[in-house]
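Worksheet: the structure to be examined is printed underneath.
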Amino acid sequence: MAGNSLVLPIVLWGRKAPTHCISAVLLTDDGATIVTGCHDGQICLWDLSVDLEVNPRALLFGHTASITCLSKACASSDKQYIVSASESGEMCLWDVNDGRCIEFTKLACTHTGIQFYQFSVGNQREGRLLCHGHYPEILVVDATSLEVLYSLVSKISPDWISCMSIIRSHRTQEDTVVALSATGILKVWIVTSEISGMQDTEPIFEEESKPIYCQNCQSISFCAFTQRSLLVVCSKYWRVFDAGDYSLLCSGPSENGQTWTGGDFVSADKVIIWTENGQSYIYKLPASCLPASDSFRSDVGKAVENLIPPVQHSLLDRTDKELLICPPVTRFFYGCKEYFHKLLIQGDSSGRLNIWNISDTSDKQEGLKMTTSISLQEAFDKLNPCPAGIIDQLSLIPNSNEPLKVTASVYIPAHGRLVCGREDGSIVIVPATQTAIVQLLQGEHMLRRGWPPHRTLRGHRNKVTCLLYPHQVSARYDQRYLISGGVDFSVIIWDIFSGEMKHIFCVHGGEITQLLVPPESCSARVQHCICSVASDHSVGLLSLREKKCIMLASRHLFPIHVIKWRPSDDYLVVGCSDGSVYVWQMDTGALDRCVMGITAVEILNACDEAVPAAVDSLSHPAVNLKQAMTRRSLAALKNMAHHKLQTLATNLLASEASDKGNLPKYSHNSLMVQAIKTNLTDPDIHVLFFDVEALIIQLLTEEASRPNTALISPENLQKASGGSDKGGSFLTGKRAAVLFQQVKETIKENIKEHLLDDEEEDEEIMRQRREESDPEYRASKSKPLTLLEYNLTMDTAKLFMSCLHAWGLNEVLDEVCLDRLGMLKPHCTVSFGLLSRGGHMSLMLPGYNQAARKLSHGKAEVGRKLPATEGVGKGTYGVSRAVTTQHLLSIISLANTLMSMTNATFIGDHMKKGPTRPPRPSTPDLSKARGSPPTSSNIVQGQIKQGWSQLAAMHCVMLPDLLGLDKFRPPLLEMLARRWQDRCLEVREAAQALLLAELRRIEQAGRKEAIDAWAPYLPQYMDHVISPGVSAEAMQTIPTAPEASGPEAKVQEEEHDLVDDDITTGKALTFLLLQPPSPKLPPHSTIRRTAIDLIGRGFTVWEPYMDVSAVLMGLLELCADAEKQLANITMGLPLSPAADSARSARHALSLIATARPPAFITTIAKEVHRHTALAANTQSQQNIHTTTLARAKGEILRVIEILIEKMPTDVVDLLVEVMDIIMYCLEGSLVKKKGLQECFPAICRFYMVSYYERNHRIAVGARHGSVALYDIRTGKCQTIHGHKGPITAVAFAPDGRYLATYSNTDSHISFWQMNTSLLGSIGMLNSAPQLRCVKTYQVPPVQPASPGSHNALRLARLIWTSNRNVILMAHDGREHRFMV
């Protein structure tokens, strides 16, 4: 999973499809998906239907260079994995169903071909990838982890391998790898399953090596039909060899001077060979090549000229003869049993896929007709409505149907503004959420022209090539300045607040290709410059302060491909595409030197060492992208898109670092907009990244800082912050007011990007903004960049929720969403994306669900709204399991957050829509009632809350039933399990609810399956590990534990048939709790929190396998300082990891105590006794546990209070032990001063506890008929035995001379005289008070009112009326009077 936070991308593609110059093609095994890789590094997934209709589904981003090869990476049918490799040595493993990147790695070598090879060891099937490329061996890579296991090496004339094939032999256990080297030498390796099982790095040498004189080999393939022949295709001829002894059987020359690029067997007697201009020829082989015929091998040994030539059978030609930039890629695929088509698939440089269906029947000579042909652009054009660009509504050109293209853009998160440069030279500044709402959702804004209000800057004479907002990269720049560069050679400085042009630099002699910011450590003068790069190979430093060009470095002979800084030496280092490096002095502008070769590389690397500090200090989502790029020093600028994405993604996902126990960093921007280009010539595609956690934090912080505190009741607050802690939520009514004060102060520090512009000022500005429509007035006030006041956070939430909600499944709820909650329906399909590991992401193409919609098209023509909801609502939850998981988590956690807020609707004034909006015709009364938020009636509030709660419930529980299981992809258990203790409470609750709902849905069988799947990963522990001093060896077993114990343990809440699993799970959880902090398992990590939580929830299951006292002590240790931790929490912000652990531990303790009160009480009592014994014997060393006990006194009392509240009978059974614990935890002096009733009122509710103030004694009646007497001053305790059954009540006489005890079971009441001799009462000599029984009376037994256990506790009580008289009062009101 990608990092920690939940980030969902939504894409606005625009009308023009991205360039997709195809470089590799693959058809998946089930024949349902075609995968194409392109020269810009993207991978496109196309859905292929049974009748060979093709529809593009998604684009995968992540590679930074051209894709060289694709291969399948998994043989099982339920997982569709493919692997891709690029020119820069990157390899990625993708899940084709949802475009998730499962694993990625980067090797130092480029692969040109990958073959998947599967073998079985025992009953385990293992996959290997055999890679070859620009290196003299074949690398064998593990197909799941992408690690290189070993290599196949040549002893004789090692050389680059140009192609290879794997021959599977069914007769023996040996498989052969046949490869042709670049010099035409055929090499053979034998791979057995034993070798494949080996993990060692020993190379394997070839079995034989034979020159077959095939220069320039293009492909080699093995005939699967006869299992006897090999086809080798070279650029000028192709040959068929016998696979047994590699003798030549047949040869064919190239047709009319064309170059062959590959070939394959179509059937036993036909081959298909294709050329570099896209034509394919089918040849019939002569009989001497067919093992079935009698003349097989009859020609072996003859010279090539004398062989019987093959006959050309038919020709497959391209229909369109357009010129192509590079040769098309052609591949032949034939399916397995259930999928029988034989397809020839060809992809070309215009992004077009051509498919021919080659059936064996055709014996005709002329060409086969092409079955299907489609390009990305055609797929875009077919869509209605067209895929939206980000500002299409503002870019219409009067008499053309294409809007102006956006050629450069930059997002300013602090103001929520998107700046777009267009191809006519104008630059538009718009509120990002507003313009996205126009593009995606339907509402009254569709009727307005030129909405949303925007500002246009005109100054460039032709297309704008790059934009930079320096303040966002570094705060040292003025926040008014925006820099733009264009094709007209000029760089312009704009003031975004007033919209005026400040300065134009015309120093370059070519179009500006890049604008970047110098690092922090430069000289003061350079710090106020920006650096511009132009296509005439020049670099300029332009000072924004002095408004002049400080330095122009322009003698480079080749295009510039990297710029580095050496601030300490005042050098600017420029690397060119030919490998030369120029070093310039920044202040003089003199060329210091120009070097080539190895020195050049060293100089660039030396700069790398100096820079990272500067780059990492800008840990902002818009990290100086160019610096990040130069740091990885990758080739061309065309890769910008990927670097942008990767830096953005890594920042957004600030992956596991935040979990290491240091205070997490929050990205404060709930919305980031990133423009990406797949190719330099393309217009921008805009991706909106919604950060769910940041959005929740902002909503809650704004809620907390609302001036109208009256609306927020303490219960609300508890809901928002206490989360799942129903018991002792740490916010109570009294503290609410104080808290608000704190919040208001901390907010301003915590959220540096003033998300919420200061409320008070805004009110003022709002009033003025009403009259302010004339431009002069606006220009004079320089502050507002905002042309339309609106609440950024609420707007983001509105856009996001409207896109995510599954419309069209529940009519009533949809109405509520539209009218009450103010959500809007999407009017076109929303293209979501999925971020996965390391910033790899997949973006759905518009129309990814076309195939599904074809059926409903007949009915759909009726109204325009119908097809929209068809495609929109049901689209995203049927795409893939990972997407469903992300979306459901997001929508449920947000709905719950909004439900906990006071005015959480997207209609009304608090949305701050500047121009007052006409009320909705449908609900005039509502909009009047909603005039001012504070007075909006409670009824409306209730309806809103109910709306959100219904919305959450529908997505959590009812989706599978509403959608039907064929259309619904259920969420992934392991993804939910990873978030079981997410740092953001709302996400955590959503994940828990979803996981439990899903477990309920899959029922017993599904749960059993999940357990079986994960159980093997549970670590095996030796028993000695459980003891608190964990040994070092145990540390080695941990890495697998976190992954597994998560989902594993949860499933077992419901099932107890897996005893051995329980034992290991229990041990794993204990281990995770007690393991001392280490780099692998930091003190407050999510996994540790999960363990704590599960120990609490499933305590009854694993109690037998746990060392209960160690576990309880571990938990107490964690929540000892809970009060401190939880006191300084800011409202709305997630808890710090330490506070979070404390909260979880506290919750777990309460759960354990209520689940197994006796275990809890006896364990703690044992610890207390151990502690008091140690304290008495002072020489002994302080034990670890004792300090924990002492620190956690408050916590223990809290739990006991809960127990008395909820489970009084269990407490009574162990009352003496409970009293021991209470006596230990309470301060003796405090009890003396205030009395027990004050210090711990809960215990005094029991009739079998009595406290006598004057000599500070406590009497406790026990279950087995004895009475324990405590002396608070000495802490001593003595026991007297007086009854045969449990004691029902005890009471001290008012003067303390007598103690009355009563037991209902043996129906006796006894009076004990306390020895009040002078010495005894002073307590001198520590003499214990002497007790003797004075009188005993027989009493008729009292019958309990009902058999309930609680009533047994309240049977009767003793009340002294004077020093000598006592009343025994039964629960039904009868009284017996006694006299001593």
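Quick caveat: nothing in here was measured; it's all calculated off a predicted structure. Values below: every heavy atom of this structure, side chains too, minus hydrogens, waters and symmetry copies.
Taking CG of D40 as the reference point, atom NZ of K677 lies at 12.5 Å (rounded to 0.5 Å). Put simply, OG on S349 and NE2 on H20 are 11.5 Å apart, with the number rounded to the nearest 0.5 Å. Atom NE2 of H132 and atom CD1 of I161 lie 8.0 Å apart (nearest 0.5 Å). Within the model, atoms OG of S373 and CG of N354 stand 4.0 Å from one another, a figure rounded to the nearest 0.5 Å. With values rounded to the nearest 0.5 angstrom, L48 atom CG is found 11.5 Å from R57 atom CZ. For the atom pair SG (C69) and CD1 (I67), the distance works out to 9.0 Å, reported to the nearest 0.5 Å.
Listed here is the closest heavy atom pair of V83 and M91: CG2-CE, 4.1 Å. Here the shortest heavy-atom pairing between L249 and S288 reads O-OG, 4.0 Å. Taking both residues in full, the closest heavy atoms of E276 and P327 are given as O-CB, 3.4 Å, listed atom of the first, atom of the second, then distance. Between A268 and T226, the shortest heavy-atom distance links the atoms CB-CG2, 3.8 Å. Closest approach of T112 to G133, counting heavy atoms only: OG1-CA, 3.3 Å. Here the closest non-hydrogen pair linking N277 and P328 is C-CG, 4.2 Å.
Although no hydrogens or angles enter the test, the distance criterion places a donor-acceptor pair under 3.5 Å between the side chain of S162 and the main chain of L180. A donor-acceptor distance shorter than 3.5 angstrom exists from the side chain of Q115 to the backbone of M164, with no hydrogens or angles considered. T372 places a side-chain N or O within 3.5 Å of a backbone atom of L52 that can act as its donor or acceptor partner. With hydrogens and angles ignored, the 3.5 Å screen pairs no side-chain donor or acceptor of S151 with any backbone N or O of P203. Counting only distance, with no hydrogens or angles, the side chain of T68 and the backbone of H111 share a donor-acceptor pair below 3.5 Å. Counting only distance, with no hydrogens or angles, the side chain of S836 and the backbone of C101 share a donor-acceptor pair below 3.5 Å. In this structure a side-chain-to-backbone donor-acceptor pair under 3.5 Å is present from W189 to V153. Counting only distance, with no hydrogens or angles, the side chain of K187 and the backbone of I156 share a donor-acceptor pair below 3.5 Å. Without hydrogens or angle criteria, K210 side chain to D245 main chain gives a donor-acceptor distance under 3.5 Å. Between the side chain of T110 and the backbone N or O of E87, at least one donor-acceptor pair lies under 3.5 Å.
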Exercise for the section: Given side-chain hydrogen bond (donor to acceptor under 3.5 Å, both in side chains), test Q279 with Y281 step by step and report yes or no. Expected result: CA-CA 7 Å; Q279 292 178 323; Y281 296 85; 3.2 Å; yes

Derivation of the side-chain contact (heavy atoms from CB on, under 4.5 Å) call for L139 and C109: CA-CA 10 Å; L139 297 180; C109 43; 4.1 Å; yes

**Request:** Applying side-chain contact (heavy atoms from CB on, under 4.5 Å), run through F225 and V266 and close with a yes or a no.
**Result:** CA-CA 9 Å; F225 304 99; V266 181; 6.0 Å; no

Evaluate the side-chain contact (heavy atoms from CB on, under 4.5 Å) criterion for residues V191 and I204: first the C-alpha distance (whole Å), next the side-chain angles of each, then the deciding distance (0.1 Å), finally the verdict. CA-CA 9 Å; V191 182; I204 294 169; 6.0 Å; no

_Trace of the side-chain contact (heavy atoms from CB on, under 4.5 Å) decision for L343 with N357_ = CA-CA 5 Å; L343 299 183; N357 186 1; 4.0 Å; yes

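At a threshold of 4.0 Å, the pair E126-R128 counts as salt-bridged, since one of the basic side-chain nitrogens sits closer than that to a carboxylate oxygen.
Looking only at side-chain heavy atoms (C-beta outward), W46 and I374 come within less than 4.5 Å of each other. Residues I345 and T36 are not in side-chain contact: their nearest non-hydrogen atoms beyond the backbone lie 4.5 Å or more apart. No side-chain heavy atom of T176 sits less than 4.5 Å from a side-chain heavy atom of I166. L60 is listed as a side-chain neighbour of W94, based on a closest heavy-atom distance under 4.5 Å. In this structure, L230 and I167 have side chains that are in contact, with non-hydrogen atoms separated by less than 4.5 Å. Residues T105 and V148 form no side-chain contact, since every pair of their non-hydrogen atoms from C-beta on lies 4.5 Å or further apart. Between D242 and R228 the shortest side-chain heavy-atom distance falls below 4.5 Å. Contact annotation: the side chain of F265 approaches that of L285 to within less than 4.5 Å [non-hydrogen atoms, C-beta and beyond].
Ring orientation note: the planes of W238 and Y283 are tilted relative to one another, at an angle of 30° to 60°. Note: H134 and W160 have parallel aromatic rings, judged against thresholds of 30 and 60 degrees for the angle between ring planes.
Side chains of D159 and S157: a donor-acceptor N/O pair is absent below 3.5 angstrom, by distance only.
Taking the ring centre of F205 as origin, the terminal cationic atom of K155 falls inside the region bounded by 6.0 Å and 45° from the ring axis. Both cation-pi conditions hold for R239 and Y237: the charged atom is under 6.0 angstrom from the six-membered ring centre and inside a 45 degree cone around its axis.
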